[in-house]
Amino acid sequence: MKTLTGMLLAASLALPFSASALTLDYKGFYDRMDKLYEPDVNRMKLVFYFNHRQKHRPCRIDDGAILSHGKRLPLLVGDDQQLLLPFDRSLRESSAVIRVELENDNQCDFAMQLQAEVLDKRRYLVEDVADIQLQMNTLMRAYAGVGFGWLQPEVKGVTFTLAPASKAQFSTPGSQPLPVDEKGRLTLTVDEFPAGAELVFSQAPHSISPMM
């Protein structure tokens with residue numbers, strides 16, 4: 001099984017280049033965020049960022065703005081260099097664009113990743129993970145497009161990326177810390193939960209992403 005990367009979801013957003021910065025149409029972002037507000041979806045978010053092709057890390061965003069009707073709105077950037085975009089229909093209707101200055105734009109590829117909201121949560125029941133997985137599959141089929149959902153690979157589990165020095169283990173007596181990879185990632189399926197156990201983290205996980 002493979003962990004889903006942003007490239008799986010990086011469908012074309014019509015990203016034209018300008019002379020000195022990347023220029024991105026806000027409409028494409030809005031249309032993807034819009035699916036997060038479906039009635040059966042309440043745990044998901046989309047992470048937008050630029051991945052450094054050689055260093056395999058997010059590219060640093062040096063500057064940016066949202067431009068709409070001659071107005072310049074601030075572009076918020078998260079600690080992990082993700083674009084923190086507003087969900088604003090008026091920006092879509094005004095054909096707003098996003099201008100981004102990157103550290104080295106010729107080495108940076110746009111990426112988008114589906115993640116579950118963490119919200120400082122440190123304890124997960126098997127029902128929580130099953131619901132996250134269900135919502136991820138719902139959105140993956142929606143992003144694949146009408147009539148093409150069957151082409152989208154199924155989400156078979158989740159990947160927790162742990163905070164530095166954090167540990168995770170099941171709540172059953174005698175349980176030991178679960179193994180993580182060199183990047184601090186723990187992959188689990190619902191079938192790996194012991195009966196009646198919770199998954200407990202010493203610190204809230206950094207992120208939760210699909211495992212294919």
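Both backbone and side-chain heavy atoms feed into the values below; hydrogens, waters and symmetry mates do not.
Note that CD of Gln115 is 11.5 Å distant from CD1 of Ile132, once rounded to the nearest 0.5 Å. Interatomic distance, Met112 CE to Phe29 CZ, rounded to the nearest 0.5 Å: 8.5 Å. The structure places CE of Met211 at 10.5 Å from CE of Met136, a figure rounded to the nearest 0.5 Å. With values rounded to the nearest 0.5 angstrom, Gln81 atom CD is found 9.5 Å from Leu102 atom CG. To the nearest 0.5 angstrom, Lys167 atom NZ is 11.0 Å from Leu162 atom CG. A distance of 12.5 Å separates NZ of Lys35 from CG of Leu114, quoted to the nearest 0.5 Å.
Listed by first and then second residue, the disulfide (SG to SG under 2.5 Å) pairs involving residues 87-121 are Cys59-Cys108 (not counting sequence neighbours). Among pairs with a residue in residues 173-212, none fulfils disulfide (SG to SG under 2.5 Å), at least two apart in sequence or across chains. Residue pairs meeting the disulfide (SG to SG under 2.5 Å) criterion with at least one member in residues 168-212, sequence neighbours excluded, do not occur.
Not one N or O on the side chain of Asp25 forms a donor-acceptor pair closer than 3.5 Å with the backbone of Gly28. A donor-acceptor contact shorter than 3.5 Å links the side chain of Arg122 to the backbone of Ser202. Of the possible polar contacts, one joining the His52 side chain to the Gln54 backbone as a donor-acceptor pair under 3.5 Å is found. Listed for the Asp80 side chain is no donor-acceptor partner under 3.5 Å among the backbone atoms of Gln82. In this structure a side-chain-to-backbone donor-acceptor pair under 3.5 Å is missing from Glu198 to Tyr124. Under the 3.5 Å distance criterion, the side-chain polar atoms of Asn137 are matched with a main-chain donor or acceptor of Val155. Proximity of a side-chain donor or acceptor of Tyr26 to a complementary backbone N or O of Asp88 within less than 3.5 Å is detected. A donor-acceptor pair under 3.5 Å links the side-chain atoms of Ser94 to the main chain of Ser90, judged by distance alone. Remark: the backbone N or O of Asn42 is paired with a side-chain donor or acceptor of Gln135 at under 3.5 angstrom. Put simply, the side chain of Gln203 never gets that close to the backbone of Ala163: no donor and acceptor are under 3.5 Å apart.
For the pair Phe193/Val129, a side-chain contact is recorded, criterion being any heavy-atom separation below 4.5 Å from C-beta on. A 4.5 Å side-chain heavy-atom check between Met44 and Leu139 finds at least one atom pair inside the cut-off. In this structure the side chain of Gln113 never reaches within 4.5 angstrom of the side chain of Lys45, judged on heavy atoms. For the pair Ile208/Thr161, no side-chain contact is recorded, criterion being any heavy-atom separation below 4.5 Å from C-beta on. Taking 4.5 Å as the limit, every side-chain heavy atom of Val77 sits out of range of all side-chain heavy atoms of Leu84. Contact annotation: the side chain of Val97 never approaches that of Leu24 to less than 4.5 Å [non-hydrogen atoms, C-beta and beyond]. Residues Tyr143 and Arg32 meet the side-chain proximity criterion, which asks for heavy atoms closer than 4.5 Å. Side chains of Tyr49 and Ile61 form no contact here, defined as non-hydrogen atoms less than 4.5 Å apart.
Each of Gln133, Arg43, Arg123 was evaluated against Asp128; a single residue qualifies, Arg43, per the side chain to side chain donor-acceptor pair (under 3.5 Å) test.
Counting only N and O atoms by type, the side chains of Thr187 and Thr159 include no donor and acceptor under 3.5 Å apart.
In terms of heavy-atom proximity, Asn51 sits nearest to Pro58 at OD1-N, 4.3 Å. Across every non-hydrogen atom of Ala204 and Val118, the tightest pair is CB-CG1, 4.0 Å.
Remark: Asp31 engages Lys27 in a salt bridge, criterion side-chain N to carboxylate O under 4.0 Å. By the 4.0 Å N-to-carboxylate-O rule, Glu103 lies close enough to Arg57 to be salt-bridged with it. Salt bridge annotation for Arg60-Asp79: absent, with no cationic side-chain nitrogen under 4.0 angstrom from a carboxylate oxygen.
In this structure, Phe201 has its ring center under 6.0 Å from that of Phe160. Aromatic rings of Phe87 and Tyr37 (six-membered ring for Trp) have centroids within the 6.0 Å cut-off, being under it.
Taking the six-membered ring where tryptophan is involved, the planes of Phe48 and Phe110 are essentially parallel, since the angle between them stays under 30° and well short of 60°.
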